[in-house]
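Residue numbering restarts at 1 for every chain, and letters A, B, ... go by the order of the sequence lines.
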Protein chains: 2
Amino acid sequence: MPESIWFRDDDRPRRPRLTRERIVTAAVALLDAEGVAGFSMRALAARLRAGTMSLYEYIRSKEDVFDLALDEVIGEIEPAEAGPWRELLVRQLTQSRQVMRRHPWVPALTATRPLLGPNAVARSRVFYSALADAGLSGATLVAAVGTLSSYVNGFVASENTWWDTVRTPEADAEIRGKVTRHLDDHVGELARHAQVDDGDFDAQFLLGLDLVLDGIATRLPPG
Amino acid sequence: MPESIWFRDDDRPRRPRLTRERIVTAAVALLDAEGVAGFSMRALAARLRAGTMSLYEYIRSKEDVFDLALDEVIGEIEPAEAGPWRELLVRQLTQSRQVMRRHPWVPALTATRPLLGPNAVARSRVFYSALADAGLSGATLVAAVGTLSSYVNGFVASENTWWDTVRTPEADAEIRGKVTRHLDDHVGELARHAQVDDGDFDAQFLLGLDLVLDGIATRLPPG
DNA sequence: CTTCGTTCCGTGCACTGTACGGAAAACCGT
DNA sequence: ACGGTTTTCCGTACAGTGCACGGAACGAAG
């Protein structure tokens, strides 16, 4: 009795080789490995041992895949739960940065497309409600949230491009020196302590974040 | 006497049809008209009424063109001269935003590549010296500058993607409503005053900017 | 077994960036 | 005026892209 209920799996009456999930997972892996430039539908299909056009049963276009992959990795950010607004936001944003470092292609994509996926809006709500609880509302609330996410995005974007310029296959030290000298020549000693010098991005990140948070704090109602 | 000194132009003994400048100008125009996705070397060459491969006498790759076009439009930002640090920065950043609105492809490109062109570093120096004069230095100075440029980039990027989603050929109002409702459903009334509702980006921009500047102000030495 | 909807995918098309090598033109020394 | 060199121009070609189309293979239902 092979078709007995005990041997069937009614959760998935159809069991296609491909699924949207499998595609998205593979897309994230491919983007991690090759970057946006190295990403192609053919390479994605190859990774899944499938024909290229099979993918199009599950997604409408390459753009779709980008949107899905983006929301997928945004899902890796676990929403912070409770705590004072400031610590909560620091935790949340630190995690965001970690995710974007793990998936360096994220800032490039977020710059082009609106983030409307379920995970994105869920994370966004964390910011809104944290700051609303703290006492913000209206346009100020929107400005605060926007500023915070702009900050993470911008910071990690420049962090990534810095590693990219330095991590080029050859000439690790040579290029590093070249760029540093280039900047030194033109910006002068003002940027002496720029990331360029030491790559201490962790400290810089928290420093800038504190700055923004201080700005937000001035907008909070007294108490 | 056609070769008389009065009819010659000794400034340019060689006078090629193409020049790097002409290419860059055309590239900016093409990017303005078609966006990053619609930009191609063939289209660029066509705009210059030249063969595609002629371009490669003057630039090494498409990436080069992007870098040059980027620095070109950054040059449109006229460096603010004097004045109290805060007004100066507001002026400078407002101008940056205007330029990025005029050339909506800028945020997408800055997210990927380091800004090392002459105009970019010149503008960057304006920020550094303004804040240095105000009393910042070291890592705090770097953090402040980074935060400010992240803010403009991020703000305009989301501003642009918003216009893109809404300005889609068909269904101006329909899509607008769809997205608004989508966000309303998930983020709830917290974002009621989001850009989504009214598109009053100017006010929002200044609001967020003030927030960041307040944060910076807390780092200034007393006096 | 037939029918029908789903899944898979080979082929083809228009288009991309750019390597290569040759034609044409502009310059220079005689 | 003429040969040689260098600079400018670009046609062709190649490997790659996203995806439209239409057919094959398969599973479930009648």
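- A straight line from CD of B/E57 to P of D/dT7 spans 10 Å, rounded to a whole angstrom.
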Evaluate the criterion ring pair (Phe, Tyr, Trp, His ring centres under 6.0 Å) for residue pair A/F201 and A/W163; output intermediate values, then yes/no. CA-CA 11 Å; A/F201 287 101; A/W163 288 122; 5.6 Å; yes
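- Annotation: side chain of A/P107 is in contact with side chain of A/N160 (closest heavy-atom distance under 4.5 Å).
- By the 4.5 Å heavy-atom criterion applied to side chains, A/Q98 and A/I77 are not counted as neighbours.
- When each of A/M53 and B/T52 is assigned the nucleotide of DNA chain C bearing its nearest heavy atom, the one mapping closer to the 5' terminus is A/M53.
- Taking a cutoff of 4.0 Å between a charged side-chain nitrogen and a carboxylate oxygen, A/D164 and B/R113 do not qualify as a salt bridge.
- Look at CG on A/L48: it is 15 Å from C1' on C/dT7, rounded to the nearest Å.
- Regarding contacts with the backbone of D/dC10, a side-chain N or O of B/S54 is found under 4.0 angstrom from either OP1 or OP2.
- Checked against D/dC19, C/dC8, C/dC20, the side chain of A/K62 finds its nearest nucleotide in D/dC19.
- Taking atom CD on B/E34 and atom P on C/dC15, their separation rounds to 13 Å, with Å as the unit.
- Put simply, A/S40 has a side-chain N or O that comes within less than 4.0 Å of OP1 or OP2 on D/dT17.
- As a whole-Å value, the separation of B/R49 CZ from D/dT8 C1' is 19 Å.
- Counting distance only, with no hydrogens placed and no angle test, the side-chain atoms of A/R42 and the base atoms of D/dG16 include no donor-acceptor pair under 3.5 Å.
- Rounded to a whole Å, the CG atom of A/L30 is 14 Å from the C1' atom of D/dT17.
- Atom pair A/L44:CG and D/dG16:P shows a separation of 17 Å (rounding to whole Å applied).
- Here C/dC9 is the nucleotide among C/dT18, C/dC9, D/dC19 with the atom lying nearest to any side-chain atom of A/A50.
- Protein atom CZ of A/F66 is 12 Å distant from nucleotide atom C1' of D/dT17, rounded to whole Å.
- A/Y58 has a side-chain polar atom (N or O) that falls below the 4.0 Å cut-off from OP1 or OP2 of C/dC8.
- Protein atom CD1 of B/I23 is 11 Å distant from nucleotide atom P of D/dC10, rounded to whole Å.
- Within the model, atoms CZ of B/R17 and CZ of B/R49 stand 9.5 Å from one another, a figure rounded to the nearest 0.5 Å.
- Note on B/R17: every side-chain N or O is 4.0 Å or more away from OP1 and OP2 of C/dA25.
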